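These notes are about the structure you will find just below.
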Amino acid sequence: MSERYEPVIVGFLCNWCSYRAADLAGTSRLHYAPNMRPIRVMCSGRVDPQFVLKALREGADGVLIAGCHPGECHYVEGNIKALRRYILLKRLLRQLGVEEERVQLIWASASEGNVLAEAVDRMTEQLRALGPLRWREMVLSGDGHRPSPLPQQAAPVAEEV
Amino acid sequence: MSKERVGVYICHCGTNIAGTVDVEAVARWASEQPHVAVARDYKFMCSSLGQDLIEEDIRELGLTRVVVAACSPHMHEKTFRTACQRAGLNPFLFEMANIREHNSWATDDREAATEKAKALVKGAIERVVHHQPLEPLPVQINPATLVVGGGIAGITAALELANAGYPVYLVEREPSIGGHMAQLDKTFPTLDCSACILTPKMVEVGQHPHITLLSYSEVEEVEGYIGNFTVTVRKKARHVNEELCTGCGICEEKCPKKVLDEVFEAGLGYRKAIYRPFPQAVPKYPVIDVENCIYFQRGKCKACQIFCPAGAIDFEQEDEILQIEVGNIILATGYDLFDPRRIPQYGYGRLANVFTSLEFERMVNAAGPTGGRIVLRDGVTEPQSVAIIHCVGSRDKNYNEYCSKVCCMYSLKFAHLVHERLPNAEVYNFYIDIRAPGKGYEEFYHRLLEEKTHFIRGRVAEVTDAARMPGEEGKLIVQVEDTLIGRQRRIPVDMVILSAGLEARHDSREVAQRFGLGCDFNGFFVERHPKLDPVATMTEGVFVAGACQGPKDIPESVAQGAAAAARVASLISQGTVLMEPVRAHIIEELCSGCRICNNLCPYNAIVYHEDRKVSEVVTALCQGCGTCVAACPSAAITGAHFTSEQVMFQIEGILWDVRSPDGREREPEMVMA
């Protein structure tokens, strides 16, 4: 392994779609960044925001939540509930100074191994550029990282941390 | 928490894992981890010898938990759970770490793969010590079955079950069963008459003591779970009293209103406002098409009622809503034909003598609108030359990428029928490949070669009536690149038949949601496993058969219908099945009665008790998604086998190498369920 920094991503994959997508990526021998460590849940709707926070404070540099496409959830609409929680969670994380790229939600159906692989590769590079999260120093004790500009803004409004 | 003894097994899977992950090192490392009593690596854990290793260790070393690091749990979780069970350990005290599909197959970085394997194994170890023994739930299976769709697949499934002595409800949306097969004239490659082989089965269904045929009906709602479904069916009003109607057909004769029959006659012929879709319809009762009936639209006529000798016409009849209880459901809803209007350059709908395959089926059918004569749209002129264009809407990135499987064969059948009825006509088949994989199929293709069919290999670019060269006036010109000679060709013909592909029904996604299924990108229902389980779905107790699962021909539809029936029969004969205990449970003492969970459940499995002011999960309805578990603000809901505690410890384990050095002490935790 090279000397460069390797981010660690915890992935919450739903049993029916995204976990199988990751299986398919492997079966198809698609090589992608080994930085994502998957945890299986039955549905993306099972993902408690506390899981995400736990992962971040235990040393993960990022968290990926992956579920079925809207309309295709094995449990009808668990993924929609995951989406609602995710949006609210992101607002909280922003206030804590955690960059946007660190917690991501994607949809990947069981036949979309490549979608999952590409998402992991992309996220790995984004986090590599951001550097380690260092939750204790930056979030608990510090003022957090400089948050990345929100999608509506072109640049940070003022030079404040 | 008592001291657990975990057995950890790292599988080599031949070289699939061992080729990338240093499995011996992972096993050595695992044996030093807390809770681990023994850690081994072995070539093939799923083999009997591998499973023996686990069973012996459980017995001899008193293991209380087992972790296997190998392939995906979707492959072998069941295998290893059963092994544990054989050795006397509750099968849910087992956890798998996926270090193949998610690791060794997804990277060639050996160091990273080995580190990732350790993390995944550690996650599994930390999680499994918090597993609880669980017992599956026994569920009674109602012996009645619902079959949705009365085409050949549905008919086969219904007959197989009914002949086994089990009651069947067959729901069909059209006024008669028979499906698309009833529209066909001859079937490839034997050239059996389709109606001749189908109608005896239709009659058998109609008369079978164990089959309740609900035709002109649709399923509106499905509730419940395997063994115990409650289905709401709307029996649409025919406006004909089935108790009195004798099927004499006088009403049809006397009805003054002619309507273009877009369904059965594929728009090629007419029917009346009161009609039976075809003479051999089962059931034999006609139906009034309210949109086109003069009485319903303008209050006049009533000829059918006047002439009906049995007094069976009932204009006041209303839709009937039925609630039926069944144990299993088989979906056999069939396909829709690709609409070639989507390919304007083929001229369908604009150029009169361009026909779809289903239109041509009706044309060659002896009972069809032309009495089996092959004629142009004017109804009189016989074509001297016919072009049959393969792959219309199929194998095409612009429309459907997949191959529709049956079109090459039915295109050959058409070519044969043209030769047979118009011996002097020239027949051109424009193909990309000839797909003839079944019994007798290749031989049938050779027969067509001998009948002097012109086969031209190329995807047709255009069908036009714009004549440019002598001999093209008044003709349809097929413009194509003949790829075998490497030249563009313009072939003037009198008639063009578009071999359109098979698509999922236009409402398949809605239907899928209603039954708790998924659809693939093309709208076909998703099977549990494309190779090994093509008739089961992800939802227990719901099966699929026939073209609704993917394009296929009649023998395959029959095979799937019978297969689905066999699966259902197997469940019924077991009487009781065991359901996975992965489901939610509300701890009454912790529930504050906020009811946030009530509306989150997609299965309406959570009830609220007004008297005790707490919610409760109806265990048998709960499917175990865990949405309520994550949402409960009091952490009062336990998600069995996916408890918050288990996941939290798995997170700690998986991050073992990046947790802060002082990391063992945790911040004051929230209450975990």
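Keep in mind the model is a prediction, meaning the values are calculated, not measured. Naming convention: chains lettered A, B, ... in sequence-line order (proteins, then strands); numbering from 1 in each chain.
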Measuring heavy-atom distances to chain A, does [X] have an atom under 4.5 Å in its side chain, in its backbone, in both, or in neither?
X        : value
B/Ala631 : both
B/Asp520 : neither
B/Leu655 : both
B/Leu600 : both

Atom group of A/Asp61 that falls short of 4.5 Å from chain B, counting heavy atoms: neither
Once you round to the nearest 0.5 Å, how far does [atom1] of [X] lie from [atom2] of [Y]?
X        : Y        : atom1 : atom2 : result
B/Cys601 : A/Lys81  : SG    : NZ    : 7.5 Å
A/Trp16  : B/Cys625 : CH2   : SG    : 12.0 Å
A/Phe12  : B/Ile651 : CZ    : CD1   : 3.5 Å

So, do [X] and [Y] sit near enough that their side-chain heavy atoms are less than 4.5 Å apart?
X        : Y        : answer
B/Met538 : A/Asn15  : no
A/Met42  : B/His641 : no
A/Lys54  : B/Glu652 : yes

Could you walk me through whether B/Gln513 and A/Val76 pass the side-chain contact (heavy atoms from CB on, under 4.5 Å) test, one step at a time? CA-CA 7 Å; B/Gln513 272 284 348; A/Val76 187; 3.9 Å; yes
Assess whether atom CG of B/Asn599 is packed by more than 12 heavy atoms of other residues, nucleotides or ligands within 6.0 Å. no
What pair of heavy atoms forms the shortest contact from [X] to [Y], and how long is it?
X        : Y       : answer
B/Pro73  : A/Tyr19 : CD-OH, 3.1 Å
B/Thr627 : A/Cys43 : OG1-SG, 4.5 Å
B/Pro602 : A/Tyr75 : CG-O, 3.1 Å

When only pairs under 4.5 Å are counted, which of [options] shares the most heavy-atom pairs with chain A?
options                      : value
B/Arg509, B/Glu77, B/Arg110  : B/Glu77
B/Thr107, B/Val582, B/Val658 : B/Thr107
B/Glu101, B/His102, B/Lys116 : B/His102

Quick one: which residues of residues 21-41 of chain A reach chain B at under 4.5 angstrom, heavy atoms only? A/Ala22, A/Asp23, A/Gly26, A/Thr27, A/Arg29, A/Leu30, A/His31, A/Tyr32, A/Pro34, A/Met36, A/Arg37, A/Pro38, A/Ile39, A/Arg40, A/Val41
Heavy-atom pair count under 4.5 Å with chain B, highest-scoring of A/His74, A/Glu72, A/His69: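 Most heavy-atom pairs within the cutoff with chain B belong to A/His74.
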